[in-house]
Amino acid sequence: MFQFIKETNKISRFLISPGVSQQSDGTFKSAVSLKSGQGSLAQDTIYTFTKLFATAQEAVEHARNEGMHLALAR
């Protein structure tokens, strides 16, 4: 299960929240949440990545960077 960081960045209309999940072998996977809209029009899309990282911080940084690229591309 991914734990998303409450610290978010805003790019364009998106709030970007990186997430991390520790695997059974001690490595970490990353994910990012892109949120837009409010109330009943809110949309939250979660992207997960397959690359594994040695530390949680590396996974969070990867997710944050990928989230920024995704938000700018939309």
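Values below: every heavy atom of this structure, side chains too, minus hydrogens, waters and symmetry copies.
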Measure the [atom1]-[atom2] distance between [X] and [Y] for me, rounded to the nearest 0.5 Å.
X     : Y     : atom1 : atom2 : value
Thr8  : Lys10 : OG1   : NZ    : 9.0 Å
Leu70 : Ile11 : CG    : CD1   : 10.0 Å
Ser17 : Phe4  : OG    : CZ    : 8.0 Å
Met68 : Asn65 : CE    : CG    : 6.0 Å
Ser30 : His62 : OG    : NE2   : 4.5 Å

### Message
Leu52 vs Phe28, test: side chain to side chain contact (heavy atoms under 4.5 Å, CB included). Steps then yes/no.
### Response
CA-CA 5 Å; Leu52 297 174; Phe28 296 87; over 6 Å; no
Indicate the atoms forming the closest heavy-atom contact of [X] with [Y], along with that distance.
X     : Y     : answer
Phe14 : Ala71 : CD1-CB, 3.9 Å
Phe49 : Lys29 : O-CE, 3.5 Å
Val20 : Ala59 : CG2-CB, 3.7 Å
Pro18 : Ala63 : CB-CB, 3.7 Å

### Residue pair Phe2, Ile46: steps toward the side chain to side chain contact (heavy atoms under 4.5 Å, CB included) verdict
CA-CA 10 Å; Phe2 285 95; Ile46 299 190; over 6 Å; no
### Message
One pair to check against side chain to side chain contact (heavy atoms under 4.5 Å, CB included): Ile16 and Leu34. What are the steps and the verdict?
### Response
CA-CA 5 Å; Ile16 301 167; Leu34 293 183; 3.5 Å; yes
### Over 12 foreign heavy atoms within 6.0 Å of CD, Gln23
yes
### Query
Taking atom CD of Gln22 as the centre, does the number of heavy atoms from other residues, nucleotides or ligands within less than 6.0 Å exceed 12?
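Yes.
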### Message
Whether the side chain of Glu58 engages the backbone of Ala54 through a donor-acceptor N/O pair (distance < 3.5 Å, no angle test) should be reported.
### Response
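Here the side-chain-to-backbone pair exists.
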### Query
Could you walk me through whether Glu7 and Arg64 pass the side chain to side chain contact (heavy atoms under 4.5 Å, CB included) check?
CA-CA 10 Å; Glu7 170 192 325; Arg64 183 177 288 119; 3.4 Å; yes
### Task
Determine whether Leu72 and Tyr47 fall in the same hydrophobic cluster, where Ile, Leu, Val, Met, Phe, Trp and Tyr are linked whenever their side-chain heavy atoms lie under 4.5 Å apart.
yes
